[in-house]
Amino acid sequence: MTEKHIDITIEEYGSLEEMNAEDQELVKAAIKAMGGAYAPYSHFHVGAAVRLSNGEIVTGANQENAAFPSGLCAERTAMFAAGSKYPDKDMVSIAIAGGVHGRVGMPASPCGACRQVMAQYQTKAGKPMSVIMAGSDQILKVRRVDDLLPMIFDNI
Ligand code: THU
């Protein structure tokens with residue numbers, strides 16, 4: 001038996017101004033996208049913004065439903081919109097922001113299903129996709145989806 005260890009790198013920013021101009025723009029787009037949330041059950045509003053290889057930004061917000069599993073997270077809403085509209089472009093980065101009643105709170109950490117979808121688009125691109133989790137007092141960034149979802153399933 002050998003024991004393996006996985007190294008995960010998380011960049012931590014104390015303010016938006018510490019980030020590069022592109023990331024700042026993406027975070028602002030994610031915060032703005034929170035306005036599109038339809039969250040009558042959780043009141044937790046989430047916005048996501050995807051940057052494509054052509055520089056374009058595509059946004060999405062969480063959409064809830066009375067049949068709870070029929071709703072969709074902001075991240076997948078944004079990624080599926082980006083994938084549908086620009087099937088030939090790579091997703092290079094995604095920013096996420098969220099909070100109760102639309103007030104940005106803790107850094108928004110994506111759910112497992114959204115991490116799996118990010119992993120798939122990263123594999124499709126063949127290049128790392130960064131994930132920015134924006135909070136009111138702290139912003140976290142991983143430079144590749146593997147740092148959120150180690151041992152990615154993409155073997156089929
Ligand atoms: N939600 C997202 O949109 N993204 C996440 O990363 C976590 C959760 C949504 C789903 C649901 O509408 C609400 O937040 C509460 O879970």
Side-chain angles (χ1 to χ4, degrees), residues 1-31 33-34 37 39 42 44-63 68-69 71-84 86-100 104-156:
M1 194 278 269
T2 55
E3 203 174 84
K4 294 192 192 280
H5 295 267
I6 296 173
D7 214 17
I8 286 177
T9 305
I10 304 170
E11 297 177 7
E12 194 179 327
Y13 298 87
S15 74
L16 193 56
E17 292 67 40
E18 279 179 37
M19 305 198 95
N20 67 46
E22 283 205 338
D23 286 350
Q24 287 192 30
E25 185 190 24
L26 205 61
V27 168
K28 284 179 190 160
I31 292 170
M34 288 170 64
S42 73
F44 193 75
H45 296 203
V46 186
V50 175
R51 184 179 295 283
L52 296 158
S53 47
N54 63 352
E56 196 95 30
I57 293 175
V58 178
T59 63
N62 55 328
Q63 303 297 313
F68 285 9
L72 198 63
C73 293
E75 296 91 319
R76 275 175 288 163
T77 304
M79 286 186 282
F80 291 154
S84 308
Y86 299 98
D88 303 327
K89 302 289 176 248
D90 295 336
M91 297 186 202
V92 297
S93 192
I94 182 168
I96 309 145
V100 181
V104 179
M106 303 278 288
S109 184
C111 80
C114 289
R115 293 176 195 213
Q116 178 64 27
V117 172
M118 289 171 194
Q120 183 89 24
Y121 285 119
Q122 177 177 263
T123 300
K124 180 175 179 245
K127 286 179 213 136
M129 174 179 173
S130 61
V131 184
I132 302 166
M133 294 154 277
S136 53
D137 298 330
Q138 186 195 42
I139 303 165
L140 305 176
K141 176 180 175 178
V142 293
R143 292 194 288 262
R144 52 189 195 142
V145 177
D146 311 58
D147 287 337
L148 282 181
L149 186 67
M151 298 175 69
I152 285 169
F153 169 70
D154 60 0
N155 341 19
I156 58 161

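No hydrogens, no waters, no symmetry mates; every other heavy atom, side chains included, goes into these values. For reference, positions follow the sequence shown, starting with 1. Bear in mind the structure is a predicted one, so any value in this text is a computation, not a measurement.
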With a 4.5 Å cut-off on side-chain heavy atoms, are Val46 and Cys73 touching?
no
Hey, does Val58 have a side-chain heavy atom less than 4.5 Å from the side chain of Met91?
no
side-chain contact (heavy atoms from CB on, under 4.5 Å), that's the test. Do Lys89 and Glu56 meet it? Break it down for me.
CA-CA 10 Å; Lys89 302 289 176 248; Glu56 196 95 30; over 6 Å; no
Kindly indicate, with the supporting measurements, whether the criterion side-chain contact (heavy atoms from CB on, under 4.5 Å) is fulfilled by Tyr121 and Ile94.
CA-CA 11 Å; Tyr121 285 119; Ile94 182 168; over 6 Å; no
A side-chain contact here means heavy atoms from C-beta on lying under 4.5 Å apart; do Leu148 and Met133 qualify?
yes
Decide yes or no for Pro107 and Gln138: does some side-chain heavy atom of the first lie under 4.5 Å from some side-chain heavy atom of the second?
yes
Any donor-acceptor N/O pair, Gln122 side chain to Met129 backbone, under 3.5 Å
yes
Say whether, by atom type as modelled, one donor and one acceptor occur between the side chain of Arg115 and the main chain of Val145 under 3.5 angstrom.
no
Assess the residue pair Val92 and Lys127 against the criterion (side-chain contact (heavy atoms from CB on, under 4.5 Å)); give the C-alpha distance rounded to whole Å, side-chain angles, the decisive distance to 0.1 Å, and a yes or no.
CA-CA 8 Å; Val92 297; Lys127 286 179 213 136; 6.0 Å; no
Could you tell me whether a side-chain N or O of Ser53 sits under 3.5 Å from a main-chain N or O of Asp90, the two making a donor and an acceptor?
yes
With a 4.5 Å cut-off on side-chain heavy atoms, are Ile10 and Asp147 touching?
no
Check: Met19 main-chain N/O paired with Gln24 side-chain donor or acceptor under 3.5 Å
yes
So with a 6.0 Å cut-off around CD of Gln120, is the heavy-atom count from everything else above 12?
no
